Amino acid sequence: MSDDGGRLDRLTAMLRRRGVILPAFEIHGGVAGLYDFGPIGGKLRRNVKNIWLQHWAKHGDIVEIDSPTLTPEPVLIASGHVGEFNDYMSECKSCNSVFRSDHLLSDHHPNPDVLPPEELNSLLIKMGVTCPGCNQNDWLDARPMNLMFETKIGAMRGGRTAYMRPETAQGMFMLFPALYRHFRNRLPFGAVQTGKGYRNEISPRQGMIRLREFNMAELEYFIDPEVVPSHDFSKWNSMPFNLIPDPDTSSPVSMSIRDASEKGIIRHPTVAWFMGWTWDFLVAVGIDPNRIRFRQHEGTEMAHYASDCWDAEIEGSYGWIECVGIAHRGCYDLGAHENSTGNSSLKAWRPFQEPKSVDKTILAGNGAVIGPAFREKANAVNAALAELSNTNQEYPFQLTLDDGSEVTIEENMIEMKRVVATEHGEWFLPHVVEPAFGIDRIIWHILDHCYIETEKSGESYTLMQLPEFIAPVNVAILPLMEKDGLVEVADLLHRQICSISDVSSYYDGSGSIGRRYARADEVGVPWAITIDHQTLEDSTVTIRRRDDGLQMRIEMDLLQSKLATGSISELF
RNA sequence: GCGGAUGUAGUGAAGGGGUUAUCACCUGAGGUUUCCAACCUCAUGUCACGGGUUCAAAUCCCGUCGUCCGCACCA
């Protein structure tokens with residue numbers, strides 16, 4: 001937290017005053033961790049989301065989907081969220097401090113996070129673990145702290161338990177079969193989704209940084225783990241990234257992502273490739289490139305699903321904050337959903353280069369003997385026999401079944417079978433690389449980085465240097481005075497500009513012209529259009545550039561066509 | 001969840017058991033003004049919510065909720 005002389009306070013006050021971002025439900029007292037996007041903020045978020053979507057859509061193999069926020073419990077049990085977000089907490093009876101039970105036991109057990117609550121309780125007593133606050137050993141029973149919002153599907157009693165989704169990713173996994181068909185069974189492909197996620201944080205702090213309801217934007221990119229990807233890193237070659245690898249393997253470096261990938265610091269090329277695209281996106285929407293770094297998760301902090309994870313962190317008024325997580329999730333999710341449902345539609349087909357002829361001899365059970373001998377276990381015995389690689393057994397031998405039990409196999413139970421088959425390919429679980437963006441945190445840092453406090457004729461002056469295509473309002477329409485027929489011309493121009501798609505304008509006729517320029521600058525309007533008496537004569541207006549106040553005169557028709565094509569800046 | 005601080009116009013602050021609650025900026029209306037926060041006049045609050053004490057509460061007390069800081073927690 002840098003001492004910024006109150007800049008953070010002035011920025012948040014401005015964001016409230018101007019309707020960018022403000023606490024939600026304030027007249028009822030407000031709720032921590034819930035924020036409104038006002039008229040300016042709402043459009044800003046829309047623009048950021050649209051650019052994000054377009055950033056991925058242009059790859060050609062990534063499509064947008066949308067799935068419910070309300071998620072039935074079994075989905076989140078399968079994904080591991082019900083277990084993972086159920087950290088157990090122990091409360092000290094004498095001083096009421098609360099700690100994570102597994103953290104208290106970290107010196108007494110190799111991995112206490114796997115223990116059930118009864119063992120946590122007994123181990124706390126047995127090991128004499130004392131409260132870090134008051135040094136007493138007197139604990140209430142550990143109870144789960146579930147960070148998900150729970151609800152019921154079904155209005156009456158006995159509905160199904162559900163949760164508000166803690167991430168959007170599961171929706172993409174549920175849609176894997178539809179995506180696989182959509183892409184004609186060919187990997188790699190991806191799906192993106194933007195929307196709300198929910199986490200019932202214990203104590204949300206730091207404004208927009210930790211929210212209870214937040215905007216996320218996630219991409220799931222499905223790949224074949226056996227295909228070595230050939231990504232083109234050339235556009236980032238001359239651009240060293242600030243990398244903070246897992247301290248166990250390497251120390252912070254500044255190097256190109258291609259080199260980091262080739263040296264194995266980034267463990268998978270596709271992760272490196274998405275780091276590049278992530279960097280492009282962040283810079284495009286107005287994040288200061290010098291205040292971006294990528295930090296690799298250490299083994300211990302890696303989420304339950306990830307095999308490598310890099311966070312894009314952005315430096316702002318709250319220090320370095322992780323705003324994007326790029327995780328290699330392996331086949332964890334698709335496998336987990338297959339296992340818990342028994343459904344096998346989450347696989348992809350990998351054809352062999354050449355069809356494989358399989359000509360092998362296997363041990364097959366003789367049904368007439370095995371059936372009567374093992375009865376209900378007969379199927380398991382046959383399955384275990386089929387998996388035996390050694391067909392030259394000495395009889396009798398012990399066979400281990402899937403459930404761990406052993407049976408004795410006699411020679412008369414067995415028939416040698418020769419199997420001839422042609423295999424054209426195989427089914428496999430795709431791996432997935434997931435870049436997950438915290439939209440609110442990114443928007444916060446855009447505002448933080450673009451908020452400029454300067455001086456103008458001795459007075460303090462603020463301006464929001466948003467990139468043009470992010471700006472919530474594209475142009476401000478300002479009649480020099482509200483009389484002599486200037487209002488009518490200005491109002492018509494305003495409505496004409498608003499009818500151009502993806503262009504927004506606001507009309508401002510109150511106060512001096514300088515004051516109105518200042519108001520527009522404060523919320524980052526890139527262009528201010530002034531209607532004066534000359535406009536009435538020749539249909540020209542002046543256009544002023546936000547960042548330097550430079551003005552030029554232009555015909556209204558040309559202005560509109562330039563706005564429609566987003567090419568105003570070419571005029572200067 | 002614990003401890004401390006705190007809640008007064010759109011924003012930021014001052015005040016404080018007594019009738020019309022201050023200040024600055026902002027915002028709106030009118031006037032004035034021919035291009036960078038000019039000026040003049042006027043307007044906007046039941047002082048977080050609920051209860052209590054009192055003749056009288058924005059002020060004192062209790063509770064609730066929120067916010068900030070510290071602790072703890074945190075993909």
Side-chain angles (χ1 to χ4, degrees), chain A residues 1 6 9-19 22-34 38 80-81 84-85 87 89-92 94-100 103-104 131-134 140 145 147-148 166-167 169 197 199-207 209-211 214 216 218 297 301-306 309 311 322-325 327 434 436-438 441 456-463 478-484 486 508-522 528-535 541-544 546 548-551 553:
Chain A
M1 255 59 24
D9 291 338
R10 290 190 296 276
L11 172 56
T12 49
M14 187 278 282
L15 295 177
R16 280 180 172 220
R17 181 163 40 81
R18 296 305 303 273
L22 45 173
F25 308 116
E26 243 200 331
I27 66 166
H28 285 277
V31 180
L34 300 181
H81 286 90
E84 190 63 22
F85 284 100
D87 294 323
M89 307 290 290
S90 291
E91 188 173 344
C92 172
S94 66
C95 74
N96 294 328
S97 300
V98 181
F99 303 91
R100 270 181 61 164
H103 288 189
L104 290 169
C131 170
C134 65
L140 288 169
M145 181 186 63
L147 289 183
M148 290 193 290
E167 60 171 24
R199 296 171 56 102
N200 202 355
E201 295 284 354
I202 303 167
S203 74
R205 293 269 172 91
Q206 299 181 307
I209 304 301
R210 277 175 72 197
L211 299 174
F214 46 94
M216 14 180 25
E218 295 187 300
H297 281 209
E301 78 178 301
M302 203 110 64
H304 59 276
Y305 45 71
C309 188
D311 287 336
E322 61 181 288
C323 295
V324 184
E434 176 199 82
F437 291 65
R441 290 181 174 189
K456 197 164 174 176
S457 3
E459 274 189 86
S460 66
Y461 196 87
T462 67
L463 95 154
L478 318 171
L480 191 56
M481 292 171 296
E482 283 197 305
K483 61 181 187 184
D484 300 339
L486 298 182
D508 189 354
S510 70
S512 73
I513 191 70
R515 171 179 300 270
R516 286 178 275 158
Y517 286 145
R519 280 200 282 244
D521 288 345
E522 192 177 42
I529 308 299
T530 308
I531 287 84
D532 57 19
H533 290 89
Q534 192 182 333
T535 310
V541 293
T542 60
I543 176 166
R544 169 188 177 273
R546 175 194 64 203
D548 56 6
L550 207 62
Q551 291 196 11
R553 194 159 266 279

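Being a predicted model, the structure only gives us computed values, none of them experimental. In what follows, every chain begins at residue 1, and chains take the letters A, B, ... in the order their sequences are listed.
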Below 4.0 Å: OP1/OP2 of B/G28 and any side-chain N or O of A/S510: yes

For atom CD of A/E522 and atom C1' of B/C25, their distance in whole Å: 11 Å

C1' spacing across the pair B/G16 / B/A56, given as an integer number of angstrom: 15 Å

Spacing of A/L478 atom CG relative to B/C36 atom C1', expressed in whole Å: 11 Å

Value rounded to 0.5 Å, distance of CG in A/L211 from CE in A/M216: 11.5 Å

For atom CZ of A/R516 and atom C1' of B/U27, their distance in whole Å: 15 Å

4.5 Å side-chain heavy-atom contact, A/R515 and A/R519: yes

Distance, nearest 0.5 Å, that separates OG of A/S512 from CG of A/L478: 10.5 Å

Inter-residue atom distance A/I543.CD1 - A/L550.CG, 0.5 Å rounding: 10.5 Å

Earlier contact from the 5' end, RNA chain B, for A/H533 and A/I209: A/H533

Distance-only donor-acceptor test (3.5 Å): side chain A/Y461, base B/C36: no

Protein-nucleotide distance (A/Y517, atom OH; B/U34, atom C1'), rounded to Å: 11 Å

SB check A/R544 A/D521 (cutoff 4.0 Å): yes

C1' spacing across the pair B/U64 / B/G7, given as an integer number of angstrom: 13 Å

Rounded distance (Å) that lies between atom P of B/U33 and atom CG of A/L486: 14 Å

Whole-Å C1' distance, B/C26 and B/C35: 22 Å

For atom CD of A/E459 and atom P of B/C25, their distance in whole Å: 11 Å

Gap separating the CD atom of A/E167 from the CE atom of A/M148, nearest 0.5 angstrom: 10.0 Å

Test item: A/E218 side-chain N/O and A/A169 main-chain N/O as donor-acceptor pair under 3.5 Å: yes

Whole-Å P distance, B/A21 and B/U59: 15 Å

Pairing annotation in dot-bracket form, given for RNA chain B with Watson-Crick or G-U pairs under 3.5 Å and | for cross-strand partners: (((((((..((((....[...)))).(((((.......)))))....(((((..]....))))))))))))....

Separation of atom CG in A/L480 from atom C1' in B/U32, rounded to whole Å: 13 Å

Trace of the side-chain contact (heavy atoms from CB on, under 4.5 Å) decision for A/R441 with A/E322: CA-CA 8 Å; A/R441 290 181 174 189; A/E322 61 181 288; 3.5 Å; yes

Pairwise P distance, B/C69 and B/G10 [rounded to whole Å]: 24 Å

Phosphate-side-chain proximity, A/R546 and B/C36, N/O vs OP1/OP2 below 4.0 Å: no

Any donor-acceptor N/O pair, A/R18 side chain to A/G38 backbone, under 3.5 Å: no

Point-to-point distance, once rounded to the nearest 0.5 Å, from CD1 of A/I513 to CG of A/D532: 9.5 Å

Atom P, compared across B/G12 and B/U67: separation rounded to whole Å: 15 Å

Integer-rounded Å distance: B/A37 C1' and A/R515 CZ: 5 Å

B/U53 versus B/C61 - spacing of their C1' atoms, nearest Å: 7 Å

Under-3.5 Å donor-acceptor pair between A/R441 side chain and B/A75 base: yes

Proximity to the side chain of A/E322 - top-ranked nucleotide from B/C73, B/A75, B/G28: B/A75

Shorter than 3.5 Å, N or O on both sides, protein versus nucleotides 6-13 of chain B: list them out with atom names.
from  : atom 1 : to    : atom 2 : distance (Å)
B/U11 : OP1    : A/R16 : NH1    : 3.4

C1' atoms of B/C47 and B/A57, separation to the nearest Å: 11 Å

N/O (side chain, A/S512) to phosphate O (OP1/OP2, B/U33) under 4.0 Å: no

Nearest-0.5 Å distance that lies between atom CG in A/D484 and atom CD1 in A/I531: 13.5 Å

Sugar-phosphate, base or nothing in reach of A/G325, heavy atoms under 4.0 Å: nothing

Donor/acceptor link under 3.5 angstrom from A/R544 side chain onto base of B/C36: yes

5' precedence on RNA chain B between A/G207 and A/K456 (nearest-nucleotide basis): A/K456

